[in-house]
**Student:** 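Okay, handing you the structure first.
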Amino acid sequence: MIDTRGKLYQRIGEVRIQREDWEEAIKALKSALDKGGLQNPGQVKLLLGIAYFSLKKNGEAKAWFIKASEHQQTREQAERWITHLTTQT
């Protein structure tokens, strides 16, 4: 049987982001990574970067964007965020 708990926590994190509930989004998305079974873990890392950016925690945001850039599916978006952070500071 495939463990889908990571996907469930990812979905919860996405909903929290839509509601701009950044702290709860971070908790859910980190749980998604911990649980595993994700088709695209880079997307979760990208969302973590966005949540931290929204909380004005740019150092943590950049760290998650760098992790997201290590995945082919999210590399381009993550690199744009990194550039945005770099030019903003």
Side-chain angles (χ1 to χ4, degrees):
M1 184 174 165
I2 297 173
D3 187 352
T4 59
R5 289 179 291 177
K7 293 177 189 176
L8 174 64
Y9 281 99
Q10 178 179 355
R11 185 67 191 124
I12 292 169
E14 290 168 348
V15 170
R16 297 291 188 194
I17 282 180
Q18 289 172 352
R19 294 181 177 181
E20 298 183 11
D21 187 357
W22 309 117
E23 295 286 353
E24 291 300 316
I26 290 167
K27 290 178 190 175
L29 294 167
K30 284 184 174 180
S31 291
L33 290 174
D34 290 343
K35 302 290 181 193
L38 301 171
Q39 289 181 345
N40 186 357
Q43 181 66 27
V44 174
K45 295 171 185 177
L46 186 72
L47 292 173
L48 278 162
I50 291 168
Y52 277 113
F53 175 79
S54 298
L55 290 172
K56 300 187 182 348
K57 295 182 178 181
N58 291 353
E60 290 172 85
K62 186 174 182 180
W64 283 106
F65 291 137
I66 290 169
K67 291 176 186 181
S69 74
E70 296 169 358
H71 298 268
Q72 183 179 352
Q73 294 172 307
T74 51
R75 180 172 296 128
E76 190 176 317
Q77 279 185 290
E79 288 175 350
R80 281 197 301 260
W81 274 103
I82 293 166
T83 300
H84 176 70
L85 281 171
T86 304
T87 57
Q88 190 178 36
T89 56

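Keep in mind the model is a prediction, meaning the values are calculated, not measured.
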**Student:** Do Tyr9 and Ile26 share a hydrophobic cluster, counting only Ile, Leu, Val, Met, Phe, Trp and Tyr and linking them when any side-chain heavy atoms are less than 4.5 Å apart?
**Tutor:**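 The answer is no; the residues belong to distinct hydrophobic clusters.
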**Student:** What are the two closest heavy atoms between Ala61 and Gly49, and how far apart are they?
**Tutor:**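 Between these two residues, the closest heavy atoms are CB-O, 3.3 Å.
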**Student:** In Å, rounded to the nearest 0.5 Å, how long is the span from CG of Asn40 to NZ of Lys45?
**Tutor:**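 One finds 9.5 Å between CG of Asn40 and NZ of Lys45.
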**Student:** Once you measure the plane-to-plane angle for Trp81 and Phe53, does it fall in the parallel (<30°), tilted (30-60°) or perpendicular (>60°) bin?
**Tutor:**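 Aromatic pair Trp81/Phe53 classed perpendicular.
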**Student:** Identify the heavy atoms of Ile12 and Ala28 that sit nearest to each other, and give their distance.
**Tutor:**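 Ile12 and Ala28 have their closest heavy atoms at CG2-CB, 3.8 Å.
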**Student:** Could I get the full list of side-chain contact (heavy atoms from CB on, under 4.5 Å) partners for Glu14, not counting sequence neighbours?
**Tutor:**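 side-chain contact (heavy atoms from CB on, under 4.5 Å) list for Glu14, sorted by chain: Gln10, Arg11, Leu47.
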**Student:** Quick one: pull up CG in Leu48 and NZ in Lys67 and give me the separation to the nearest 0.5 Å.
**Tutor:**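 One gets 8.5 Å once the value is rounded to the nearest 0.5 Å.
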**Student:** Take a 6.0 Å sphere around CD of Gln18 and say whether it holds more than 12 heavy atoms from other residues, nucleotides or ligands.
**Tutor:**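 Yes, enclosed.
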**Student:** Minimum heavy-atom separation for Phe65 and Ile82, please, with both atom names.
**Tutor:**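 Smallest interatomic distance, heavy atoms only, reads CB-CG1, 3.6 Å.
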**Student:** Determine the minimum heavy-atom distance between Val44 and Leu29, stating which atoms define it.
**Tutor:**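 In terms of heavy atoms, the two residues are closest at CG1-O, 3.5 Å.
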**Student:** Same cluster or not: are Trp22 and Trp64 linked, directly or through other Ile, Leu, Val, Met, Phe, Trp or Tyr residues, by side-chain heavy atoms under 4.5 angstrom apart?
**Tutor:**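 Both belong to a single hydrophobic cluster.
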**Student:** Whether the side chain of Thr74 engages the backbone of Ala68 through a donor-acceptor N/O pair (distance < 3.5 Å, no angle test) should be reported.
**Tutor:**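 Pair found, side chain donor or acceptor close to backbone of Ala68.
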**Student:** How long is the straight-line distance from CZ of Arg5 back to CG of Asp34, given to the nearest 0.5 Å?
**Tutor:**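 One finds 11.0 Å between CG of Asp34 and CZ of Arg5.
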**Student:** Shortest non-hydrogen contact from Gln88 to Asn58?
**Tutor:**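 Nearest pair, atom of Gln88 first, then Asn58: OE1-ND2, 4.0 Å.
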**Student:** Output every pair passing side chain to side chain donor-acceptor pair (under 3.5 Å) with a member in residues 46-57, not counting sequence neighbours, ordered by first then second residue.
**Tutor:**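 Qualifying pairs: Lys30-Tyr52.
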**Student:** Show the nearest heavy-atom pair for residues Gln43 and Gln77, with the distance to one decimal.
**Tutor:**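 Distance-wise, the nearest heavy atoms are OE1-OE1, 4.4 Å.
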**Student:** Roughly how far, to the nearest 0.5 Å, is the CD atom of Glu79 from the CD1 atom of Ile66?
**Tutor:**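 So the CD1 of Ile66 and the CD of Glu79 are separated by 10.5 Å.
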**Student:** Report the C-alpha separation of Leu8 and Lys35 in whole Å, then their side-chain angles, then the decisive distance to 0.1 Å, and conclude whether the side-chain contact (heavy atoms from CB on, under 4.5 Å) test is met.
**Tutor:** CA-CA 10 Å; Leu8 174 64; Lys35 302 290 181 193; over 6 Å; no
**Student:** Salt-bridged, Glu76 to Arg80, with N to O below 4.0 Å?
**Tutor:**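 Judged by the 4.0 Å cut-off on N to carboxylate O distance, Glu76 and Arg80 do form a salt bridge.
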